[in-house]
There are 2 protein chains.
Amino acid sequence: MPAIQNDPATGGDAPLDMSLRLERGGTVSDQVYDALRHAIVTVRVLPGASISENRICRSLGVSRTPVRSAIVRLAEDGLIDVYPQKGSFVAPIRLAAIAESRFIRRVLEVAVVRDAGAVWNATHSAAARAAIAEQARAIAAGESEAFFRADEHFHHIFSLAAGHEGAWAAIVQANSRLGRFHRLFGNKDRLPVVLQEHTGVIDALDAGEVDRAAHRLEDHIDKVFTLIDHLPEDLRRLVEG
Amino acid sequence: MPAIQNDPATGGDAPLDMSLRLERGGTVSDQVYDALRHAIVTVRVLPGASISENRICRSLGVSRTPVRSAIVRLAEDGLIDVYPQKGSFVAPIRLAAIAESRFIRRVLEVAVVRDAGAVWNATHSAAARAAIAEQARAIAAGESEAFFRADEHFHHIFSLAAGHEGAWAAIVQANSRLGRFHRLFGNKDRLPVVLQEHTGVIDALDAGEVDRAAHRLEDHIDKVFTLIDHLPEDLRRLVEG
DNA sequence: CGTCATCCGCTTGTATACTAGTGTCCCGCC
DNA sequence: GGCGGGACACTAGTATACAAGCGGATGACG
């Protein structure tokens, strides 16, 4: 199955099939939601791409109703902008929104990791290091999506340890915007550095030095923003601001 | 028009009209969403109340489609739980979720107010004190909804000053859960104290003492949780956990 | 050749009909 | 009287048809 993709040179609004496939059970609406969300977050469909309800429901062989339902939810998530009577489009990556998402994530995660430090034990440490190992494997294998999945898993461990599932939900929501930014502008050379930073946080936690862990995590998340200074010119038009 | 309300003694799932009215323009779906959300957050419909699509669309004189769209969005907000083929119900107030919302709000608002302190000026101060004055007026007039509205406005000022609109959106989302808790279990005797705490934060900001302002705000938000220790027995069953 | 009006196709929004599943209530049976 | 089964009302999920509005293309007119 060829991964037909919107041509970046046209601004990404070419009316092409986005090779969506419905996977698991559940309602059709949920399946469409998952498929669309995954396609957007992994930038298989680029910011600005046209999301036509008719095209999608034809492409998936379902009616407009569940597709509309999924789009409503994605609009609520801020991943799709709906312009009545004109069209729906994958939300652009706004630099202001990226800055806010980074702020939210940094503040919440630092607070979470401080709480996690109070109950940190060997089990948590082992889980975190396993996630780091998976990231290393993904880098070696060149599986970028596996890397991002393991990255999310790594960061989730702090929330799990601290019992802050609600905060994790908020972090994930902020991350859905950051995720697209990472995948578009992430530098492969930095991936090993990410692993070092992750390891540094866990080392500090294992040593019981919560403050140091918090500062390292803060620096780690802040580093994301250095990407903005080095936006490749050919991708710069995919962001606003 | 009598404000027919679900009977608390029955668990709130009496199939009664909830006196919804559509106000302003925009799409019908948006109007239904606003009306339902307002009714839920202000606990005019209690946690556990049945949300029947058919009943609502009959009551409002619209079709099921926009009602469904609104319910999907509210479910995404965590205010409604949808059980396929069984029914949709106003989400219960889960103590765990309240704790998480408080955590999120405290962490985010403290970080925001620190940034706001860096740019704090007389205009911000005047706006904040105006909001406090409005709260005092609302207390004197016994207009509880006006009080809550002014309270939200007060807290919004920090985000506006610091330019953290995204963080404010996250705060509002967490607050939609806390809001119901406040309205159900809030103690009227504490309202004047709230005003004092608000004034204390602004005083500290005006004096340029950002740390003190942050600590006062943190204490202020944490005080919410003292309500949990004094849940009236007759309302206790409205919460989970 | 330029400009304006009209038409047509596309979009999302809304209304209605149908499907599949669940829980209840009532009636018949034991 | 107690228990079991089936009809029935109700739920949300899905499909389809219609309405309203925007925009571009097209063709006539100046």
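Letters A, B, ... are given to chains in the order of the sequence lines, protein chains preceding strands, and every chain is numbered from 1.
Atoms CZ (B:Arg68) and C1' (C:dA15) sit 14 Å apart, rounded to a whole Å. Rounded to whole Å, atom C1' of D:dG13 lies 13 Å from atom CZ of A:Arg73. Between B:Tyr33 atom OH and C:dG13 atom C1' there is a gap of 18 Å when expressed in whole angstrom units. For B:Glu53 and C:dT16, the CD to P distance is 15 Å, given to the nearest whole Å. Atom NZ in A:Lys86 sits about 13 Å away from atom P in C:dG13, given to the nearest Å. One can place CG of B:Asn54 at 16 Å from P of D:dT14, the figure rounded to the nearest angstrom. A straight line from CD1 of A:Ile71 to P of C:dT14 spans 15 Å, rounded to a whole angstrom. The CZ atom of B:Arg58 sits 10 Å away from the C1' atom of D:dC10 (whole-angstrom rounding).
Counting heavy atoms from C-beta outward, B:Glu100 and B:Arg177 have side chains that stay 4.5 Å or more apart.
In the model, A:Glu165 has a side-chain atom that pairs as donor or acceptor with a side-chain atom of A:His156 under 3.5 Å. Defined by atom type and a distance below 3.5 Å, a donor-acceptor pair is missing between the side-chain atoms of B:Glu145 and B:His38. In the model, A:Asp151 has a side-chain atom that pairs as donor or acceptor with a side-chain atom of A:Gln135 under 3.5 Å.
The shortest heavy-atom contact between B:Ile104 and A:Gly166 is CD1-O, 3.7 Å.
Classification of the A:His182-A:Phe148 ring pair by plane angle, with boundaries at 30° and 60°, yields tilted. Aromatic ring pairs are classed by plane angle as parallel below 30°, tilted from 30° to 60° and perpendicular above 60°; the pair B:Phe89 and B:Tyr83 is tilted.
In this structure, the helix from C:dC1-D:dG30 to C:dC30-D:dG1 shows an angle of 20° between the axis at its start and the axis at its end, each fitted on 5 base pairs and rounded to 10°.
For A:Ser88, taking side-chain heavy atoms from C-beta onward, the closest of the listed nucleotides D:dG13, C:dT14, C:dT12 is C:dT12. The nucleotide whose nearest atom lies closest to any side-chain atom of B:Ser52 is, among D:dT11, C:dG13, D:dT14, D:dT11.
Each of B:Gly87 and A:Arg64 lies near DNA chain D, and the nucleotide nearest B:Gly87 is the one positioned closer to the 5' end. Looking at which nucleotide of DNA chain C each of A:Thr65 and A:Pro84 is closest to, the 5′-most match is held by A:Pro84.
Contact of A:Gln85 with C:dT12 (side chain to base): a donor-acceptor pair of N or O atoms is detected under 3.5 Å.
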